[in-house]
Amino acid sequence: METLTKEQQQFLLDSIRDIPDFPKAGIVFKDITTLLNNHVAFNLLMAHLETKYKEYDLEYIAGIDSRGFIFGAALATRLGIGFVPIRKRGKLPSTTICEKYELEYGFDEVEIHIDAFKNKVGARVLLIDDLIATGGTAVAASKLVVDTKATLVEVCFLMNLTFLNGKEKVEKIAPVYSVLDIL
Ligand code: AMP
């Protein structure tokens, strides 16, 4: 299942629920809980990612807080490699490096354990999240992986909100793959 058919893509899209005006007015929130509780959809997605990424000779999957943990950890066990969480500031207990990024109003920060990839220079890492919107979160998380001196092989999203052009920002750092392009 290297490439998903249009029908399979539509099936995955249909398994994701749109919640208008969450968390605030004007945002259409893409709710993946309805994909996760549909074992056929969840398995289709994970089988696709496993087939694609088993060819990449990866050593770690890094997942972005918090929905990136779900897909990232599931993929890591399928590929037989380690999982690394990239968390919002103040959640990781050991020594971290931190990256600040701009939100619509204000700033946010993400962190990674400095030894997350066991200090291996060039460790082959795939970064994953559920969705890319403006790209701010993924750019910051990508910088963290690069700062550890690992190799960021690719950044993967279940969904890309194409009209916000976030993908282009991340592509300046590493190749990007999105399973579903939302137009
Ligand atoms: P951004 O930094 O703007 O690319 O936002 C990406 C992060 O915010 C990801 O971790 C997403 O899970 C979350 N996010 C942003 N917009 C949405 C949306 N419309 N639906 C669901 N999650 C979203």
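Treat the numbers as computed from the prediction; the structure is a model and nothing was measured. For reference, positions follow the sequence shown, starting with 1. Note that ligands are numbered from 1 as they come in the structure, with each ligand's atoms numbered from 1 the same way. Any value given below was found using the heavy atoms of this structure, including those in side chains, with hydrogens, waters and symmetry copies removed.
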Which residue supplies the protein heavy atom nearest to atom 10 (O) of ligand 1, what is that atom called, and how far is it?
D129 OD2, 2.8 Å
Could you tell me whether a side-chain N or O of E171 sits under 3.5 Å from a main-chain N or O of V176, the two making a donor and an acceptor?
no
Closest protein heavy atom (residue, atom, distance) for atom 8 (O) of ligand 1
T137 OG1, 4.6 Å
Is I64 near ligand 1, meaning one of its heavy atoms is under 4.0 Å from it?
no
Checking heavy atoms under 4.0 Å, the part of D130 that sits near ligand 1 is side chain
Quick one: does T148's side chain have a donor or acceptor within less than 3.5 Å of a partner on I114's backbone?
no
For atom 19 (N) of ligand 1, what is the closest protein heavy atom, and at what distance to 0.1 Å?
V28 O, 2.9 Å
Any donor-acceptor pair under 3.5 Å from S178 side chain to L158 backbone
no
Find all atoms of ligand 1 within a distance of less than 4.0 Å from any non-hydrogen atom belonging to G136, and give their numbers and elements.
2 (O), 4 (O)
Among residues at least two apart in sequence or on other chains, which ones pass side chain to side chain donor-acceptor pair (under 3.5 Å) with Y53?
E154
Ranking T134, V110, V170 by closest non-hydrogen atom to atom 1 (P) of ligand 1, top hit is T134
Before signing off on this row, confirm whether I132 and ligand 1 have an N or O atom pair separated by under 3.5 Å.
no
To which protein heavy atom is atom 13 (C) of ligand 1 closest, and what is the distance rounded to 0.1 Å?
R67 NH2, 3.7 Å
For the atom pair CG (N38) and OG1 (T33), what is the distance rounded to the nearest 0.5 Å?
11.0 Å
Closest protein heavy atom to atom 20 (N) of ligand 1, given as residue, atom name and distance to 0.1 Å
K30 N, 2.9 Å
Nearest-neighbour protein heavy atom for atom 23 (C) of ligand 1, which is reported as residue plus atom name and distance:
L131 CD2, 3.6 Å
Could you tell me which non-hydrogen atom of V125 sits nearest to which non-hydrogen atom of F117, and how far apart they are?
CG2-CE2, 3.6 Å
For the residue pair Y60 and A116, what are the closest heavy atoms and their distance?
CE2-O, 4.2 Å
Any ion pair linking K91 and D65 (charged N to carboxylate O, less than 4.0 Å)?
no
Looking at ligand 1, would G135 count as a contact under a 4.0 Å heavy-atom criterion?
yes
